[in-house]
A.B. asks: 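Structure provided below as C-alpha cells; questions to follow.
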Amino acid sequence: QMQLVESGGGLVQAGGSLRLSCASSGRAFSVSTMAWFRQAPGKEREFVATINWSGGSTYYADSVKGRFTISRDNAKNTVYLQMNSLKPEDTAVYYCAAARTFVIKRESGQYDYWGQGTQVTVSS
C-alpha cells in the first residue's frame, strides 16, 4: 500500500514557475513508476508526465514538453514536477500517481495509487 501526498501548488502569474512535490509512504516507491496528471474544471483528467523507477526514462504530454520536468529522489520517496513558463491553460488540480510496474505508463487506469491533488492556478 502506498500513500501519496502532494504539495507545492498555488497561485502564480503567467510565465512564472512552481515546483510540485509528491511524498510517498511505503517501501514500494523505489520500484514504482510515478506520474503526474491534472484535471481542469469541466474536463477529464489528463496525463502530464511520467518517470520510471530509476528516473532513467521519462515521457511528457505534448502540451507541457519543454516547460515541465519530472524527477524523483528515491532516497526521499519523493517525485517532483518542475513547472516553468506557466500558462493560464495549465490551471488545474494536479495529481500524483503510482503504478506497480518498472515501465512508464500514460493511462490513468494503469495507475494503482493516487494522491488527493494540489491546486495550481495561473493568472493571465
A.B. asks: Check Met2 against Ser32 and note the closest heavy-atom contact, atom names and distance.
C.D. replies: SD-OG, 3.7 Å
A.B. asks: Cation-pi check for Phe29 against Arg72: NZ or CZ below 6.0 Å from the six-membered ring centre and within 45 degrees of the axis, yes or no?
C.D. replies: yes
A.B. asks: Do Val64 and Phe37 land in one hydrophobic cluster if side-chain heavy atoms of ILVMFWY residues count as linked below 4.5 Å?
C.D. replies: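 No: no chain of side-chain contacts under 4.5 Å links Val64 to Phe37.
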A.B. asks: Please say whether more than 12 non-hydrogen atoms of neighbouring residues, nucleotides or ligands are located less than 6.0 Å from NZ in Lys43.
C.D. replies: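 Result for NZ/Lys43: open.
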A.B. asks: With side chain to side chain contact (heavy atoms under 4.5 Å, CB included) as the test, would you mind laying out the steps for Tyr95 and Leu4 before giving the verdict?
C.D. replies: CA-CA 9 Å; Tyr95 296 91; Leu4 306 175; over 6 Å; no
A.B. asks: Give the intermediate values and the outcome of side chain to side chain contact (heavy atoms under 4.5 Å, CB included) for residues Asp90 and Met83.
C.D. replies: CA-CA 9 Å; Asp90 294 318; Met83 306 185 294; over 6 Å; no
A.B. asks: For the atom pair CZ (Phe68) and OG (Ser85), what is the distance rounded to the nearest 0.5 Å?
C.D. replies: 9.0 Å
A.B. asks: For residues 11-26, which side-chain N or O atoms pair as donor and acceptor with protein atoms under 3.5 Å away, sequence neighbours left out?
C.D. replies:
| residue | atom | partner | partner atom | Å |
| --- | --- | --- | --- | --- |
| Ser17 | OG | Asn84 | OD1 | 2.9 |
| Ser25 | OG | Gln3 | N | 3.2 |

A.B. asks: For a quick test of reading the model, state the closest non-hydrogen atom pair linking Lys105 to Thr33 and the distance between them.
C.D. replies: N-CG2, 4.1 Å
A.B. asks: Answer whether the closest heavy-atom distance between the side chains of Val79 and Ile70 falls below 4.5 Å.
C.D. replies: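 Of all side-chain heavy-atom pairs linking Ile70 with Val79, at least one is under 4.5 Å.
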A.B. asks: If every non-hydrogen atom of Ala40 is compared with every non-hydrogen atom of Ala92, which pair is closest and at what distance?
C.D. replies: N-CB, 3.8 Å
A.B. asks: Would you say the side-chain atoms of Gln82 pair up with the backbone N or O of Thr69, donor to acceptor, closer than 3.5 Å?
C.D. replies: no
A.B. asks: Thr78 side chain to Asp73 main-chain N or O, any donor-acceptor pair under 3.5 Å?
C.D. replies: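 Checked: no pair found.
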A.B. asks: Should we say atom CZ of Arg106 is surrounded by more than 12 heavy atoms from elsewhere, each under 6.0 Å from it?
C.D. replies: no
A.B. asks: Would you compute the distance between atom OG of Ser108 and atom CD of Glu44 and round it to the nearest 0.5 angstrom?
C.D. replies: 9.0 Å
A.B. asks: Test side chain to side chain contact (heavy atoms under 4.5 Å, CB included) on Cys96 and Trp36; report intermediate values, then the result.
C.D. replies: CA-CA 5 Å; Cys96 172; Trp36 290 94; 4.0 Å; yes
A.B. asks: Any pair with a residue in residues 29-71 that passes disulfide bond (SG atoms under 2.5 Å apart), sequence neighbours left out, goes on the list, sorted by first then second residue, please.
C.D. replies: none
A.B. asks: If you look only at distance, which donor and acceptor atoms sit under 3.5 Å apart when one is on a side chain in residues 47-57 and the other is two or more places apart or in another chain?
C.D. replies:
| residue | atom | partner | partner atom | Å |
| --- | --- | --- | --- | --- |
| Thr50 | OG1 | Met34 | O | 3.0 |
| Thr50 | OG1 | Tyr111 | OH | 3.0 |
| Asn52 | OD1 | Gly55 | N | 3.0 |
| Asn52 | OD1 | Gly56 | N | 3.0 |
| Asn52 | OD1 | Ser57 | N | 3.0 |
| Asn52 | ND2 | Ser54 | OG | 3.4 |
| Ser54 | OG | Gly56 | N | 3.1 |

A.B. asks: As a quick check of understanding, evaluate side chain to side chain contact (heavy atoms under 4.5 Å, CB included) for Leu81 and Arg38, giving each step before the final call.
C.D. replies: CA-CA 12 Å; Leu81 185 68; Arg38 67 186 181 186; over 6 Å; no
